[in-house]
Amino acid sequence: MQLYKNQNLRVHNSLSGKKEVFEPINEGYVGMYVCGPTVYSNVHLGNCRTFMSFDMIFRYLKHLGYKVRYVRNITDAGHLENDADEGEDKIAKKAKLEKIEPMEVVQRYTVDFHNTLQKFNLQPPSIEPTATGHIIEQIGIIKEILDKGYAYEANGSVYFDVVKFNEQNEYGKLSGRKLEDMIANTRELTAQDEKKNPQDFALWKRAEPQHIMRWPSPWGDGFPGWHLECTAMSTKYLGEHFDIHGGGMDLKFPHHECEIAQAEASTGKTPVKYWLHANMLTLNGKKMSKSTGNNIYPAEIISGDNDILSKAYAPSVVRFFMMQAHYTSILDLSDDALQASEKGYQRLMEAMGNLDSLKTTDKSDFDVDTWQQNCYDAMNDDFNTPVLIAHLFDAVKHINLIKEDKEKITKEDKALLQNTLESFVYYVLGLEDQSAGKDDSKILTGVMELLISLRNQARANKDFDTSDKIRDELNALGVQIKDGKDGTTFTIN
RNA sequence: GGCAUCGUGGCCGAGUGGCUAGGCACAGCUCUGCAAAAGCUUGUACAGCGGUUCGAAUCCGCUCGAUGCCUCCA
């Protein structure tokens with residue numbers, strides 16, 4: 001039987017602002033769309049957090065036994081740099097700066113994006129469509145919206161008529177805005193605006209002669225508006241009504257609001273059952289942002305080559321750090337917080353490593369069944385990874401006690417513990433054991449065994465000068481000797 | 001200015017109207033030749049001021065503060 005039949009998952013739906021029982025439209029199947037990156041520069045860590053959050057959600061849904069189709073797009077068509085008519089799309093702008101083809105920019109940063117996510121152990125989505133690969137579909141949707149009367153053409157551009165749409169529908173329901181308020185608060189824009197109303201947004205933009213990225217359309221050469229691709233691709237691969245749409249909080253308005261409007265205008269159906277929004281990662285208390293320069297790149301964290309942090313952190317440590325906060329909470333990145341996470345991560349991984357060699361007996365002091373359900377309860381409560389991790393540390397404590405012969409565990413419980421722990425740590429949280437020394441050679445292991453035996457021999461002979469010298473000098477090299485009940489082990493920091 | 005979110009012990013970070021998550025740091029103890037590791041124990045925190053309630057960090061109101069969105073951004 002599939003796990004989801006027993007495990008009652010609840011998710012926080014941004015549309016209602018409440019936690020709702022998760023019931024997919026088609027039992028057993030989940031369609032999930034997440035807004036991907038615009039590939040005009042390297043992904044920064046804040047981007048990664050969002051994708052990591054949805055990776056965890058993807059993994060947990062699959063763990064529960066759902067068949068998940070996860071679609072995450074690549075925005076490679078470029079968006080306008082600003083709202084003015086002379087707006088230049090950011091991919092073309094970057095291409096000009098670097099004197100390369102737009103598609104060369106796209107390729108370079110797509111590759112960087114994939115490499116980076118792979119380092120953080122993100123699973124690839126089921127489909128990763130590109131905006132430029134779906135121009136025809138986007139034009140199709142524009143036609144439908146025009147036919148329904150919710151858009152108008154102006155000088156080769158097509159705009160969505162928000163005011164008209166709002167007469168029969170509710171524009172702003174996702175972000176809690178009212179169109180009247182928005183109109184009242186709008187600053188006067190340029191007078192020669194093609195738009196009927198400042199709230200209207202582009203479905204298609206006429207390409208100026210110098211604009212490189214352009215496609216033919218019924219309205220002349222141009223390029224699609226930036227909200228449209230997600231509607232086109234989510235509809236194509238997941239249908240007109242699908243289960244989950246995710247993205248960063250900053251996309252809630254206007255991007256996701258416009259997606260809802262486009263879909264409702266063209267199909268008459270609301271596109272998404274559950275809207276999930278991942279919150280921002282801040283740096284020094286401010287949102288990470290490409291445009292303001294307040295950001296840190298993943299490569300800089302992993303290499304330690306930056307002015308913000310005191311040292312390098314392994315990708316899994318960063319992932320663990322992020323999983324220690326709920327995906328809907330703002331998380332502030334700092335050196336102290338990362339260091340604390342690193343210590344905790346190492347303790348968790350060490351316990352994982354010790355699990356296999358635990359001795360079993362005929363009774364258990366640890367109620368593994370209850371513990372396991374606690375883990376599921378945490379995840380079922382809107383993917384509460386911090387609480388899950390708290391439970392994982394409960395298991396760590398028991399593992400250490402059993403290792404020291406202070407507690408007992410049966411063979412069955414040990415198997416269940418091991419199985420559950422590995423599922424949650426490696427599979428659901430996507431952590432990898434990246435503690436130093438894990439993949440070191442047999443030679444090192446042999447040398448260490450020799451040193452350890454020499455030291456223990458010296459201790460047996462009460463030659464503490466020698467034994468301490470071995471211990472202290474190894475420690476100075478970053479190799480820590482740990483004396484346990486069943487002998488001595490070592491870790492490399 | 002409008003909309004929204006948030007303000008938790010030294011730091012990070014969960015949280016349900018009453019049963020004091022967790023991690024890191026700190027201290028004491030156990031263990032140890034001494035340490036380290038591990039285990040145990042302690043810390044009574046919830047921005048401020050009112051209110052509702054038998055009872056609120058958790059509900060309501062106000063004040064202060066922070067952040068996000070309102071223009072591209074995960």
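Order of the sequence lines fixes the chain letters, A, B, ..., with proteins taken first and strands second; residue numbering starts at 1 for each chain. Note that these values count all heavy atoms, side chains included, but never hydrogens, waters or copies made by symmetry.
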Take atom CD1 of I244(A) and atom P of rA74(B), then tell me their distance rounded to the nearest Å. 20 Å
Does a nitrogen or oxygen in the side chain of N47(A) sit under 4.0 Å from OP1 or OP2 of rA74(B)? yes
Pair of N/O donor and acceptor under 3.5 Å linking rG33(B) base with D468(A) side chain: yes
Looking across every strand, which nucleic acid part, if any, lies under 4.0 Å from H326(A) by heavy atom: base, sugar-phosphate, or nothing? sugar-phosphate
Calculate the interatomic distance between Q199(A) atom CD and rU71(B) atom P; express it in whole Å. 8 Å
Using a heavy-atom cut-off of under 4.0 Å over every strand shown, decide if R49(A) touches base, sugar-phosphate, or nothing. nothing
Can you tell me if the side-chain N/O atoms of K343(A) get under 4.0 Å from OP1 or OP2 in rA25(B)? yes
Going by an N to O cut-off under 4.0 Å, is there a salt bridge joining K287(A) and D250(A)? yes
Need one value for G172(A): base, sugar-phosphate or nothing, where a base atom within 4.0 Å counts as base even if backbone is also close, heavy atoms only. nothing
Under 4.0 Å, counting only non-hydrogen atoms across every strand here, what does D483(A) touch: a base, just sugar-phosphate, or nothing? base
Is the aromatic ring centre of F464(A) closer than 5.5 Å to the centre of the six-membered base ring of rG33(B), with the two planes inclined by less than 30°? yes
Between rG33(B), rA21(B), rC12(B), spot the one nearest the side chain of S467(A), thanks. rG33(B)
Distance between the P atoms of rG22(B) and rG28(B), in whole angstroms? 22 Å
In this structure, how many angstroms lie between the C1' atom of rA74(B) and the CD1 atom of I57(A), rounded? 13 Å
Applying a 4.0 Å non-hydrogen cut-off, can you work out what T489(A) is touching in the nucleic acid: base, sugar-phosphate, or nothing? nothing
Using a heavy-atom cut-off of under 4.0 Å over every strand shown, decide if K462(A) touches base, sugar-phosphate, or nothing. nothing
Under 4.0 Å between a side-chain nitrogen and a carboxylate oxygen: does that hold for R319(A) and E432(A)? no
Does S329(A) reach a base, just sugar-phosphate, or nothing at all? Heavy atoms under 4.0 Å. sugar-phosphate
Can you check the distance between rG10(B) and rC60(B), where both ends of the measurement are the P atom (answer in whole Å)? 27 Å
Phosphate oxygens OP1/OP2 of rA35(B): is one of them under 4.0 Å from a side-chain N or O of K482(A)? no
Using a 4.0 Å heavy-atom cut-off across all strands, classify A325(A) as base, sugar-phosphate, or nothing. sugar-phosphate
R347(A) CZ to rA36(B) P: how many Å, rounded? 16 Å
Applying a 4.0 Å non-hydrogen cut-off, can you work out what G46(A) is touching in the nucleic acid: base, sugar-phosphate, or nothing? base
Output the rounded distance in Å from CZ (F201(A)) to P (rC69(B)). 20 Å
Please classify the nucleic acid contact of K397(A) as base, sugar-phosphate, or nothing, using heavy-atom distances under 4.0 Å. sugar-phosphate
Report which part of the nucleic acid K286(A) touches: base, sugar-phosphate, or nothing (heavy-atom distance under 4.0 Å, all strands). sugar-phosphate
Donor-acceptor pair under 3.5 Å, R471(A) side chain vs rA35(B) base: yes
Measuring only the C1' atom in each nucleotide, how far is rU44(B) from rG39(B)? A whole number of Å is fine. 24 Å
Distance to the ring centre below 6.0 angstrom and angle to the axis at most 45 degrees; does that hold for R347(A) and F393(A)? no
Report which part of the nucleic acid I330(A) touches: base, sugar-phosphate, or nothing (heavy-atom distance under 4.0 Å, all strands). sugar-phosphate
Kindly say whether, by distance alone, the side chain of R177(A) makes a donor-acceptor pair under 3.5 Å with the base of rC70(B)? no
Give, ordered by number, those residues of residues 245-253 of chain A having at least one heavy-atom distance below 4.0 Å to an atom of RNA chain B; if nothing qualifies, reply none. G247(A), G248(A), D250(A), L251(A), F253(A)
Please work out if L348(A) contacts a base, only the sugar-phosphate, or nothing of the nucleic acid, heavy-atom cut-off 4.0 Å. nothing
Which of these nucleotides, rA74(B), rG33(B), rA36(B), is closest to any side-chain atom of R455(A)? rG33(B)
Quick one: D332(A) CG to rC6(B) P, roughly how many Å, whole number? 17 Å
Which is true for N384(A) with a 4.0 Å heavy-atom rule: it touches a base, it touches only sugar-phosphate, or it touches nothing? sugar-phosphate
